[in-house]
Number of protein chains: 2
Amino acid sequence: MGILKFSVPEIFFGSGSLKYTGMCASHLGAEKIFLVSDPGLEKSGWVNQVFEILDKQHLKWVYYSEISANPRDWQIEKGALLYKEHGCDVVIALGGGSPMDAAKGIALVASNGGRVNDYEGANRIEHPLPPMIFIPSTASSGSDISQFAIITDMERQIKMSIISRTLVPNISIIDPTLLTTKSRELMIAAAVDALSHAIEAHVSKIASPLTEVHSLKAIEHIIKYLPLALENGSLEYLEKLSMAGTSSALAFSNASLGLDHALAHSLGGMLDAVHGTIHPILLPQVMRYNLCECTDKLAEIGRVVLGRDLESPSATALAGIEKLERYFKSLGVSTRLRDIVPDQSVLPRICQMATFDSCLLSNPRTAGVEDMMQICNGVW
Amino acid sequence: MGILKFSVPEIFFGSGSLKYTGMCASHLGAEKIFLVSDPGLEKSGWVNQVFEILDKQHLKWVYYSEISANPRDWQIEKGALLYKEHGCDVVIALGGGSPMDAAKGIALVASNGGRVNDYEGANRIEHPLPPMIFIPSTASSGSDISQFAIITDMERQIKMSIISRTLVPNISIIDPTLLTTKSRELMIAAAVDALSHAIEAHVSKIASPLTEVHSLKAIEHIIKYLPLALENGSLEYLEKLSMAGTSSALAFSNASLGLDHALAHSLGGMLDAVHGTIHPILLPQVMRYNLCECTDKLAEIGRVVLGRDLESPSATALAGIEKLERYFKSLGVSTRLRDIVPDQSVLPRICQMATFDSCLLSNPRTAGVEDMMQICNGVW
């Protein structure tokens, strides 16, 4: 057994926990906060609520919202410049994966210099980052928990994975009431993303007993509670979904991801596709590809998805994958690649770029361009 | 659902991870380290190994080992004085629960002033503590993970529970090779302690999905791997046991404990008994007492202990408790209170003192002196 590392932010979880934001910032020594969010969160009123909480705590703040889905390298650099110009000392992010990943990038460049692109890959950050408090508005990209930041390199048209222990925020404040203002599409995309994180983390080559318990619980609860949350949207189900997203993030942050995410990052970088829409298409096919190398792990997932064991581990694993495919179809999301990729001729380049993604290192089975092409063509 | 908090140190786990001690201390800005350990660890050679690791990293250190089992308030104050006299800036603890809890007390008094007794109870620490790195030598008191420090008040003859987020060390380095030098008795006492942590955390009133997955996994693995580790002591089983202790600590640090520990702290304070020897006596009886308030949770434990469900949750729960009793007997440890308490007449005072213990707050069923007396007499 190798040496494993497990790293997690301090977590505040529960409906109403948003109110702790000011207190937490003060505990971290904040005087002027750099708050990152986006126009969607402004419209739903949450950004104003955070302004009020910070004002009440007598904390100054600078607000930055020039963040797109799949945040771009230049947006990071612009934010870092603003952070330094204003002499900020703590970063708060409010939103989904995009504002949170952007906030990590801004904290990184503001404290370590250079361009965000300089830090692509694992463990390339030398100096400490300013304290970070993250408030996720989806259940869940997991950026509020994770060691990952995914930023788009606009020149190379690729999503860069930046992975480092120092990207784990100091505090994650997870308030499920923020989910009440999400559209059906956003809720599905976020939950499916969390499900894909849990599944890839569970079969990862660096999974451990500390991560496996969380990945299995996340898979069980997302499959169970997403349909219920979509049906009636009661806070009870949103809390369950939010907690499942947190469990998923605890797992993947420490066990990393796999082939599905390597391809998803490559696709997302080139096509600016919504990240959560890619997994229902690719993930089951990737699980089939991995089956020979992690039958027992996929059988554990199958047992959770099916609620029982079949006659053999591989039968349980396969039936689990099939049930997952039916589950995705029942959500009304696309399960064919042609629906999100305009032209099959870009696939070789997408697969080529995916071979450089750090997530591939922890996939249970090695995969080259040919293998990836077969996967993509299989779901075309 | 209330607002829950989840807090965990950065964890390095694996055989050989001891070597990261120097690097971790440097990352935390150490110049002069206060190292706390005990004569047992000196004899087995581990203290010298840490000296060498720190020397290699060009770090100065001061060594303190005046720590007994059930560390005493005056030992803390003496340590804190030494820490300040020498101008230390980072605390490292190497050992079981006693040196680690003592190190927490020393870090607390050195940074917050006063006497350690001033901080008894929950959340009474105001100022930040110096950075702490803990290296556990047992599997596991969990002090390397937890928000708890248990210190004996010599005047009142009681074990005080001090509970605060700031008592979580910055880094826990868990190297299972340290278990290879433990006696059979110490290994049993530590594993049984970890088992009791997991069981009490699982039924705790503030357990959450983030803690429950760890408590169940810990129960499953301690029951399975302790006998195997005792039988052949191979590193493989010690690693499993060590990981199970870590899971147990992740659970109880965030879900707290219950009635068994309230009584154990009171007994340990008055009689200086080895903490791990008390649980086989009290825990099954406490589980029976709690049964009416947490049948489903005890059935989950029963399912793990038995490997299957019986006809009803209460049948599963009860059979689980009975199997646990047989398990304790098979380890050859005492299961009657008279074996460790010299005189039945002290029981009323022990139960009286236990009513003040913070662990009682999270027990699933309220318990007064009369209830506790009945439990103690039942296992006399």
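Here is how names work: the chains are called A, B, and so on, in the same order as the sequence lines, proteins then strands, and each is numbered from 1. Computed from a predicted structure; not experimentally measured. Quick note: numbers below take in every heavy atom, side chains included, and nothing from hydrogens, waters or symmetry partners.
Interface remark: of the candidates B:R165, B:K217, B:E236, B:R165 forms the most heavy-atom pairs closer than 4.5 Å to chain A. The residue among B:L250, B:V8, B:L210 with the most heavy atom pairs within less than 4.5 Å of chain A is B:L210. Considering only heavy-atom pairs separated by less than 4.5 Å from chain B, the leading option among A:S17, A:P176, A:S7 is A:S17.
Remark: the backbone N or O of A:A107 is paired with a side-chain donor or acceptor of A:S111 at under 3.5 angstrom. Although no hydrogens or angles enter the test, the distance criterion places a donor-acceptor pair under 3.5 Å between the side chain of B:K104 and the main chain of B:F148. Side chain of A:T316 to backbone of A:S312: a donor-acceptor contact under 3.5 angstrom is found.
Contact of A:K5 with chain B is made through backbone and side chain together, with heavy-atom distances under 4.5 Å. Using a 4.5 Å cut-off between heavy atoms, B:L216 makes no contact with chain A at all. Of the two parts of A:L235, neither the backbone nor the side chain holds a non-hydrogen atom closer than 4.5 Å to a non-hydrogen atom of chain B. With a threshold of 4.5 angstrom between heavy atoms, A:P128 does not approach chain B through any atom at all.
The shortest side-chain heavy-atom distance between A:S26 and A:L59 falls under the 4.5 Å cut-off. Considering only heavy atoms from C-beta on, B:P130 stays 4.5 Å or farther from B:V90 through its side chain.
A salt bridge links A:K297 to A:E212: at least one charged side-chain nitrogen sits closer than 4.0 Å to a carboxylate oxygen.
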